[in-house]
Amino acid sequence: MTIFQKIIDGEIPCSRLYEDDRCLAFKDIQPQAPFHALVIPKKPVEMIAKADEADEALCGHLLRVAAKVAKDAGYEAFRLVMNNGEAAGQSVMHLHVHVLAGRDMTWPPG
Ligand code: 5GP
């Protein structure tokens, strides 16, 4: 079981920003920007590459919730990141969208 599943199940606390029947948004424990949230589906999809056609609406919902939590925190500019696989920096194998804001972002990303 992943750490995010334990957060969904309430076994591990989180700083919750938003929740509905399909997803949960909370602050990242190791923020990489002044504002750093994670949006995760309650359904245990491992990574975006494992999302199937039936998950399309869910994936779109995660993106819209990501924009909402940034806006609710007062940010017009923000960056969304999804790491897919260990080599891309994914450390928790439960789909999540990073929402980063509050500082200038560089490109290309590291
Ligand atoms: P990944 O590296 O998989 O793309 O992102 C996983 C993120 O989850 C990391 O930014 C990490 O700081 C965050 N994270 C890991 N464990 C916990 C936790 O127990 N609570 C919270 N709030 N964030 C966590």
Side-chain angles (χ1 to χ4, degrees):
M1 183 188 282
T2 68
I3 196 107
F4 288 175
Q5 188 61 52
K6 290 182 179 170
I7 288 173
I8 291 165
D9 293 345
E11 289 174 28
I12 289 178
C14 71
S15 182
R16 188 173 53 188
L17 297 168
Y18 175 85
E19 182 171 12
D20 62 27
D21 57 327
R22 288 183 284 172
C23 74
L24 177 64
F26 53 94
K27 289 187 181 169
D28 196 294
I29 205 165
Q30 218 177 337
Q32 302 300 317
F35 181 77
H36 186 172
L38 300 168
V39 185
I40 69 173
K42 291 187 173 175
K43 179 181 175 182
V45 180
E46 203 178 328
M47 58 183 75
I48 190 63
K50 296 278 177 73
D52 59 30
E53 204 176 338
D55 298 320
E56 273 188 12
L58 175 62
C59 292
H61 184 61
L62 298 179
L63 295 178
R64 280 176 46 78
V65 168
K68 175 186 161 45
V69 297
K71 185 183 174 201
D72 289 352
Y75 297 103
E76 279 184 16
F78 54 88
R79 178 172 289 176
L80 304 183
V81 174
M82 296 176 90
N83 296 322
N84 189 95
E86 277 180 32
Q90 185 176 4
S91 59
V92 179
M93 295 301 145
H94 183 118
L95 179 62
H96 50 282
V97 182
H98 292 264
V99 187
L100 299 148
R103 64 168 168 81
D104 289 341
M105 301 287 162
T106 58
W107 195 263

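Scope of the values below: all heavy atoms of this structure, side chains included, with no hydrogens, waters or symmetry mates. Residue numbers start at 1 and run along the sequence shown. Order of listing sets the numbers, starting from 1, for every ligand and every atom in it.
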**Q** At less than 4.0 angstrom from any non-hydrogen atom of H96, what atoms of ligand 1 do you find?
**A**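 Here the atoms of ligand 1 in question are 1 (P), 3 (O), 4 (O), 5 (O), 6 (C).
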**Q** Does atom CD of E11 have more than 12 heavy-atom neighbours, drawn from other residues, nucleotides or ligands, at distances under 6.0 Å?
**A**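 Above 12, so yes.
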**Q** Step by step, would you call H96 with F26 a side-chain contact (heavy atoms from CB on, under 4.5 Å)?
**A** CA-CA 11 Å; H96 50 282; F26 53 94; over 6 Å; no
**Q** Considering only heavy atoms of F4, which atoms of ligand 1 have at least one such atom less than 4.0 Å away?
**A**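 Ligand 1 atoms under the 4.0 Å threshold to F4: 8 (O).
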**Q** Taking the six-membered ring for Trp, are F4 and H94 parallel (under 30°), tilted (30 to 60°) or perpendicular (over 60°)?
**A**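 Rings of F4 and H94: perpendicular, as their planes differ by over 60°.
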**Q** I would like to know whether M47 and M93 meet side-chain contact (heavy atoms from CB on, under 4.5 Å); could you show each step before the answer?
**A** CA-CA 6 Å; M47 58 183 75; M93 295 301 145; 3.9 Å; yes
**Q** Using a strict 4.0 Å cut-off to heavy atoms of F26, name the atoms of ligand 1 that fall inside it.
**A**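 So the atoms of ligand 1 that pass are 21 (C), 22 (N).
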**Q** On a heavy-atom basis, I'd like to know which of T2, D28, I3, V81 is closest to atom 19 (O) of ligand 1.
**A**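 It is I3 whose heavy atom sits nearest to atom 19 (O) of ligand 1.
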**Q** Once you restrict to heavy atoms under 4.0 Å, what part of C14 touches ligand 1? Side chain, backbone, both or neither.
**A**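 It is neither part, as no heavy atom is under 4.0 Å.
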**Q** N/O of H36 under 3.5 Å from N/O of ligand 1, yes or no?
**A**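 No, H36 has no N/O under 3.5 Å of an N/O on ligand 1.
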**Q** Please check if the number of heavy atoms outside K42 that lie under 6.0 Å from its NZ is greater than 12.
**A**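 Result for NZ/K42: enclosed.
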**Q** Is there a nitrogen or oxygen of H98 sitting under 3.5 Å from a nitrogen or oxygen of ligand 1?
**A**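 Checking ligand 1 against H98, an N or O pair does fall under 3.5 Å apart.
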**Q** Any idea which of I12, I29, I7, L100 brings a heavy atom closest to atom 23 (N) of ligand 1?
**A**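 Looking at heavy atoms only, the winner is I29.
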**Q** Could you pull out the closest heavy-atom pair between N83 and G89, with the gap in Å?
**A**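 Result for this residue pair: ND2-O, 3.7 Å.
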**Q** For L62 versus P41, what's the shortest heavy-atom pair and its separation?
**A**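 What the structure gives for the nearest pair is CD2-N, 3.8 Å.
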**Q** Can you list the ligand 1 atoms lying under 4.0 Å from a non-hydrogen atom of Q30?
**A**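 Matching atoms, with element in brackets: 12 (O).
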**Q** Looking only at heavy atoms, what is the nearest atom pair of A33 and L100, with distance?
**A**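 Closest pair (atom of A33, atom of L100, distance): CB-CD2, 4.0 Å.
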**Q** Within a distance under 4.0 Å of any heavy atom of G89, pick out the atoms of ligand 1 and give their elements.
**A**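 The atoms of ligand 1 under 4.0 Å from a heavy atom of G89 are 1 (P), 2 (O), 4 (O).
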**Q** How far is atom 3 (O) of ligand 1 from the closest protein heavy atom, and which atom is that?
**A**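 Nearest protein contact, heavy atoms only, for atom 3 (O) of ligand 1 is S91 N, 2.6 Å.
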**Q** Which protein heavy atom lies closest to atom 22 (N) of ligand 1, and at what distance to 0.1 Å?
**A**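 Sorting protein heavy atoms by distance from atom 22 (N) of ligand 1 puts K27 O, 2.9 Å first.
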